[in-house]
Protein chains: 2
Amino acid sequence: MAGVQEAKRLETGRRVLEAAVSLMQEEGLKALQIRTIAAKAGYSVGSVYKHYPDVDALIIAVNSLTLDQIRQRMVEAIREPGSPLDRLKILARSYLHFAVEQPNLWRGLFDHHLPGNTSIPEEHRTQNVKLLDLIGQEIAALNPQLGSEMLSVRSRTCFAAVHGMVTFSMEGRFIGLKSDQLEQELDFLVERLALEAR
Amino acid sequence: MAGVQEAKRLETGRRVLEAAVSLMQEEGLKALQIRTIAAKAGYSVGSVYKHYPDVDALIIAVNSLTLDQIRQRMVEAIREPGSPLDRLKILARSYLHFAVEQPNLWRGLFDHHLPGNTSIPEEHRTQNVKLLDLIGQEIAALNPQLGSEMLSVRSRTCFAAVHGMVTFSMEGRFIGLKSDQLEQELDFLVERLALEAR
DNA sequence: TTGAAAATTGAACAATGTTCATTTTTAATT
DNA sequence: AATTAAAAATGAACATTGTTCAATTTTCAA
């Protein structure tokens, strides 16, 4: 019966994370509570703590998967060829669409903050960079004169601007803005920002 | 002794809100706890509940004052005359500066969410519109051809983009971006978005 | 078969939001 | 001035949640 222990450990960890993900997706960040997770996974509270030091670590793990999903969606969105500008618009829309279709996952990613003045986890930062690279590719094609340093800065600016639009939209800070009008504004934003520098 | 009761009531309410504001400012949203607030204000927990139905209401009251402060800062920033584009840049910078100088107040405003899928409070939405109007004035001067509907939409796009930059910057999602480089990117953003439409 | 290591449990504790019966203070009436 | 009702204030008590840890059950190797 060698290997049963490890199999059990892996299985438990998997189920706990699975329960946490589906809770985040269906009920949102506030529902990610140890007892709820443990019950959903079919274990006791103590077992959850054997796999994650605290709830924050579990939330971070869920959010890592969300970042993966976002990246996957964006990569799939630009699978087909097109002009760099069109691809940038598609990237922006796919980011918006993820937020609209998975509001709880999306909100959980940005609503969660580590206690104290701790910055976002290193793991997330790496995944952020991978998202920025997707944008960077297209901006580079449109602006061949940009140095690598400037390219990275510009990618972040562009992503941040799109993120701001999505945030305001999700928070209801844009009242009475039709969804296609929102997409038009996204297009406007991308067009203006990606414009070749004079 | 007529009027003593009302004076006491007003005084208590004032002290409770005052304590909440200074806690938000000094310790952040997480420190806004009933017992902490009550202790700081010099009352019991029950008294706090006589003035606010729950913590959420108190947080909203604090955030309303924060929105007022932000508006005040922005209004002061464009007191002196200048070109509409310069004034837009100054507005964006003053928004960033508020966030940098009062990180706890700024974060508290956007980190707080009502339970359930409730949207932001009506009170905040009105104050948001007042901020957007500040931007709208300048965008209108730069784009006289824009109708009032489009002007409002464009103001929101511009504000959302700036907000996204500030958000990413505050969350540390922009690593190693010098503060003056950040301001340069804000300028870039504003220039591109405020550009007269063809 | 047996004993140590690993996995799992769930009771217990601390912190926090909320309620409410009780006490204290104020205002009006007699 | 005494009395009484209303308002203000209190803080004990309860529910919920994160976290810990001693006790129990399961696995594995000797």
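By convention in this document, chain letters (A, B, ...) are assigned in the order of the sequence lines, proteins followed by strands, and residues within each chain are numbered from 1. All figures in this text were calculated on a predicted structure; none of them were measured in a lab.
With a 4.5 Å cut-off on side-chain heavy atoms, B/Leu131 and B/Ile135 do not count as touching. Residues B/Asn143 and B/Arg154 have side chains not in contact (no heavy-atom distance under 4.5 Å, counting atoms from C-beta outward).
Checked against a 6.0 Å centroid threshold, the rings of A/Trp106 and A/His97 do not count as neighbours.
When the side-chain nitrogen and oxygen atoms of A/Thr12 are compared with OP1 and OP2 of C/dA7, none of them lie within a distance under 4.0 Å.
Look at B/Glu183 and B/Lys89 and you find no salt bridge, because none of the NZ, NE, NH1 or NH2 atoms lies under 4.0 Å from a carboxylate O. Under a 4.0 Å N-O distance rule, the pair A/Arg93/A/Asp187 qualifies as a salt bridge. Contact check on A/Arg73 versus A/Glu76 returns no salt bridge, with no Lys/Arg side-chain nitrogen under 4.0 Å from an Asp/Glu carboxylate oxygen.
Distance NE2 (A/His51) to P (C/dA6): 14 Å, rounded to an integer number of Å. B/Leu29 has its CG atom 11 Å from the P atom of C/dG17, to the nearest Å. In this structure, B/Ile34 places its CD1 atom 17 Å from P of D/dA12, rounding to the nearest Å. Residue B/Leu10 contributes atom CG, which lies 10 Å from atom P of D/dA9 at whole-angstrom precision. Look at NZ on A/Lys30: it is 17 Å from P on C/dT16, rounded to the nearest Å. In this structure, B/Tyr49 atom OH and C/dT19 atom P are separated by 7 Å, rounded to whole Å.
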Distances under 3.5 Å only, N/O to N/O: pair up the protein atoms with those of nucleotides 9-12 of chain C.
residue : atom : partner : partner atom : Å
C/dT9   : OP2  : A/Ser44 : N            : 2.8
C/dT9   : OP2  : A/Ser44 : OG           : 3.1
C/dT9   : OP2  : A/Ser47 : OG           : 3.0

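By the salt bridge (charged side-chain N to carboxylate O under 4.0 Å, His left out) test, B/Glu18 pairs with B/Arg14, sequence neighbours left out. Applying the side chain to side chain contact (heavy atoms under 4.5 Å, CB included) rule to B/Asp133 yields the partners B/Val129; only residues at least two apart in sequence or on another chain are considered.
If you check residues 52-63 of chain B against DNA chain C, the residues with a heavy atom closer than 4.0 Å are B/Asp54, B/Val55, listed by number.
Recorded end-axis angle for the helix from C/dT1-D/dA30 to C/dT30-D/dA1 stands at 20°, based on five pairs per end and rounded to 10 degrees.
A donor and an acceptor atom, one from each side chain of B/Asn63 and B/His124, are nowhere located under 3.5 Å apart. Residues B/Gln127 and B/Ser64 have side chains that bring a donor and an acceptor to within less than 3.5 angstrom of each other.
Counting Ile, Leu, Val, Met, Phe, Trp and Tyr side chains that sit under 4.5 Å apart, directly or through other members, B/Leu114 shares a hydrophobic cluster with B/Ile60.
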